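Just so you know, residue 1 is the first one in the sequence shown, and it goes up from there. What you see is a predicted model, and the numbers here were worked out from it, not measured in a lab.
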Amino acid sequence: MLEKLRNIGIIAHIDAGKTTTTERILYYTGLTHKMGETHNGESVMDYLPAEKERGITVTSAAVRCLWNNCQINIIDTPGHVDFTAEVERSLRILDGAVVLFCAKGGVEPQSETVWRQADKYHVPRIAYINKMDAVGADFCSVVNQIKQRLGANPLVINLPVIQEDTFTGVIDLIEMRYYTFCGPSGDQIECQDIPQDSMDFALHWQTAMLESLAESDETLLDLYVANEVLPVDLLLQVIRRNTISGEMVPVLCGSSYRNIGVQKLLDAVVDFLPSPLDVPPVEAICQGSDSVMDIIPDSQGELAALVFKIVSDRHVGKLAFARVYSGSIDSGSYVFNSSRGSKERVGRLVRMHANHREEIGRIEAGDIVALIGLKDVNTGDTLCREGQHFLLESIEFPEPVIQISIEPKNQSDQSRIMEALMRIAAEDPTFKLSYNKETGQTLIAGMGELHLEIIADRLSKEFKVNFNIGKPEVAYKETITQAAEQTTRYVKQTGGKGQFAHLVLRLEPAEGFEFVNKIVGGAIPREYIPAVESGIKQALREGVLKGYPVVNVKATLLDGSFHEVDSSEMAFRTAAMLAARDCMRKAGPQLLEPIMRLEITAPEEFTGNIISNISNRRGRLQSMDTVNNTQIIRGCVPLAEMFGYSTILRSLTQGRGGFSMEFSHYEDFHIAS
């Protein structure tokens with residue numbers, strides 16, 4: 001039943017404990033019989049060799065478990081900024097999310113990024129403050145940061161109990177009871193009276209919780225004002241409604257590594273996060289009319305499914321992960337890919353448990369599944385029945401910011417390396433593959449040094465390819481700074497039919513790319529206009545300064561003429577390319593470089609050295625905060641200045657500093673003369 005289904009994601013900054021928490025969830029729900037640990041490479045969710053080696057999550061893993069008669073589909077996502085696309089595509093298809101925060105680190109840079117991604121897709125959230133056993137853990141500070149930095153409305157429903165500097169259990173503010181988690185695996189839950197030394201703390205936070213809830217519900221307000229007992233069922237109902245609407249974010253705490261509080265988190269997932277029936281219907285665009293239709297979650301309705309991830313498996317070929325919004329898919333049936341206009345047969349349906357597969361015969365609305373047998377399918381494609389021509393909103397991914405050259409060590413690896421790179425590119429939308437005609441080099445681009453390092457690892461270990469790689473290069477872009485016009489006549493006379501095209505083009509700065517057709521009176525026939533746009537786009541792939549892609553341009557086709565016999569689509573495409581290139585030279589071309597948002601944490605005594613070093617790297621300081629004798633420095637620095645920074649920071653801080661970095665924006669870059 002749909003009301004008993006939860007599709008949730010675990011999202012957070014790197015090292016907040018996402019995979020450890022998921023491992024506990026799998027154990028307590030009976031899916032595994034042993035808790036895997038990330039530090040010894042035994043976790044179920046981190047199954048890739050690169051994940052086991054580094055102790056980090058690289059790719060999102062899906063699993064399904066049962067708690068309190070509810071089926072929960074969980075996607076454990078990476079925390080490192082280089083793999084933010086995994087979070088993006090997961091949040092696109094999920095109904096709810098658990099956001100983890102480190103009780104010591106609080107709201108960290110990637111915490112803000114994943115929070116904004118969840119805002120973008122209007123995903124209801126629960127906050128779980130993990131690592132309450134860590135030295136320097138500060139529950140109240142993290143709650144305050146969630147409110148101030150993320151602009152959220154945190155509703156604390158769960159408090160930590162610290163006795164003799166040891167985290168011993170949690171207080172449930174709804175029931176006003178104290179829970180401890182005993183036994184070697186924390187599965188012996190004991191419910192007790194709240195300790196006397198924690199009672200004032202609990203009453204303060206319970207009052208704050210009840211006042212927030214009473215403001216949002218009249219029935220609760222009347223009972224609260226009358227000083228009557230508030231029914232637990234009513235409190236749960238009001239919290240659930242406010243969570244699903246995004247008005248409030250329930251806050252719980254625990255220590256997943258110490259097996260404290262995870263069962264209460266599971267209760268909250270079931271009680272507060274939405275089922276597919278509780279979220280607004282997804283919208284689909286009808287092809288041809290551009291009208292919008294709502295997709296209602298109904299197993300008996302028309303099929304509507306979105307492919308959100310592609311995985312290449314050497315045993316079964318291409319695995320297409322899909323969220324089914326409406327209708328059903330049977331193993332062996334046919335589906336229509338409306339994004340590509342192709343009909344394909346679903347060979348098998350499998351439910352994924354990390355890298356283990358469970359074959360099933362049918363999948364229905366609301367569920368997440370992997371399809372085997374689809375040949376021509378990519379991330380963001382819409383699956384429906386033949387005759388139903390609509391598109392679900394696709395998924396937008398950030399552009400790569402760093403690239404390296406790659407070449408096979410010998411001729412026999414040439415075809416294998418290209419095949420491997422094509423397979424990786426099909427899986428990862430933020431990984432780009434290109435060929436530089438001038439240098440004859442194959443270039444691969446990604447989101448950061450770690451991203452490309454993981455890809456190189458996969459090529460070597462998974463695909464058994466021998467190769468050499470060049471030094472990392474920044475993925476610059478180009479733009480124009482002023483408007484310019486260009487008149488181009490393309491005339492080519494051969495023995496037979498010639499080529500003729502004449503057009504007047506204006507380029508000017510804009511946000512993104514825009515093409516405007518101002519041709520009137522049939523000066524250029526309508527069928528040639530798409531060829532003009534195509535020619536302009538082709539010219540913008542390589543700028544006139546350094547050959548980098550050109551962005552933020554508005555192109556306006558002002559005038560032109562054609563020849564009855566010699567004009568063709570090819571002629572107008574070529575003329576548009578020539579006109580765009582000439583126009584760019586007149587329009588003040590400008591190089592753009594990627595700027596990274598940087599956050600450094602280090603002991604206070606090293607602050608001066610760090611700030612001086614940032615200035616030398618053309619960086620700009622934005623803010624500084626002190627938390628527990630630790631300085632948190634935030635700023636923006638060009639990516640070109642950040643290669644190998646981890647080594648530099650370690651030497652500046654005697655190995656005690658750390659940093660995180662994510663893409664912020666592109667900015668003008670002036671080439672030194």
Evaluate the side-chain proximity of [Y] to [X]: yes if any heavy-atom separation is below 4.5 Å, no if none is.
X      : Y      : value
Gln287 : Leu391 : yes
Met447 : Phe397 : no
Ile310 : Lys318 : yes
Cys102 : His13  : no
Glu112 : Arg149 : yes
Gln538 : Arg573 : yes
Ile11  : Ile75  : no
Lys537 : Phe513 : yes

Taking atom types as modelled, is there a side-chain donor on [X] or [Y] under 3.5 Å from an acceptor on the other?
X      : Y      : value
His451 : Glu449 : no
Ser275 : Asp278 : yes
Thr113 : Glu662 : yes

[X] with [Y]: basic N within carboxylate O range, under 4.0 Å:
X      : Y      : answer
Lys554 : Glu511 : no
Glu427 : Arg423 : no
Arg506 : Glu508 : yes
Arg458 : Glu453 : no

Check this for me: [X], atom [atom1], are more than 12 non-hydrogen atoms of other residues, nucleotides or ligands nearer than 6.0 Å?
X      : atom1 : result
Arg526 : CZ    : no
Lys120 : NZ    : yes
Ile285 : CD1   : no
Glu396 : CD    : no

Heavy-atom donor-acceptor pair, Glu478 side chain to Val544 backbone, under 3.5 Å |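 Side chain of Glu478 to backbone of Val544: a pair is present.
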Counting distance only, does the side-chain N/O of Asp95 pair as donor-acceptor with the main-chain N or O of Pro274 below 3.5 Å?
->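 Not a single qualifying donor-acceptor pair exists.
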Report the C-alpha distance between Asp76 and Thr19 in whole Å, list the side-chain angles of each, state the deciding distance to 0.1 Å, and finish with yes or no for side-chain hydrogen bond (donor to acceptor under 3.5 Å, both in side chains).
-> CA-CA 7 Å; Asp76 175 32; Thr19 302; 2.9 Å; yes
When rounded to the nearest 0.5 angstrom, what is the spacing between CG in Leu392 and CD1 in Ile93?
->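 So the gap between those two atoms works out to 12.0 Å.
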CG of Asp298 to CG of Leu2: how many Å apart, nearest 0.5 Å?
->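 Rounded to the nearest 0.5 Å, the CG-CG separation comes to 8.5 Å.
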Among Arg6, Arg323, Arg351, which residue meets the salt bridge (Lys or Arg N to Asp or Glu O under 4.0 Å) test with Asp367?
->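 Considering Arg6, Arg323, Arg351, a salt bridge (Lys or Arg N to Asp or Glu O under 4.0 Å) with Asp367 is found only for Arg351.
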Identify the two heavy atoms, one from [X] and one from [Y], that lie closest to each other, and give their separation to 0.1 Å.
X      : Y      : value
Gly380 : Leu306 : O-CD1, 3.6 Å
Val350 : Val369 : O-CG2, 3.2 Å
Arg385 : Ser333 : NH1-OG, 4.4 Å
Ala587 : Ile480 : O-CB, 3.4 Å
Ala640 : Glu593 : CB-OE1, 4.3 Å

Would you confirm whether the ring centroid of Tyr128 sits within less than 6.0 angstrom of the ring centroid of Phe101?
->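 Ring-ring flag for Phe101/Tyr128: false, centres at least 6.0 Å apart.
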Tell me whether the guanidinium CZ or amine NZ of Lys343 lies under 6.0 angstrom from the six-membered ring centre of Tyr334 and within 45° of its axis.
->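 Verdict for Tyr334: a cation-pi partner in Lys343.
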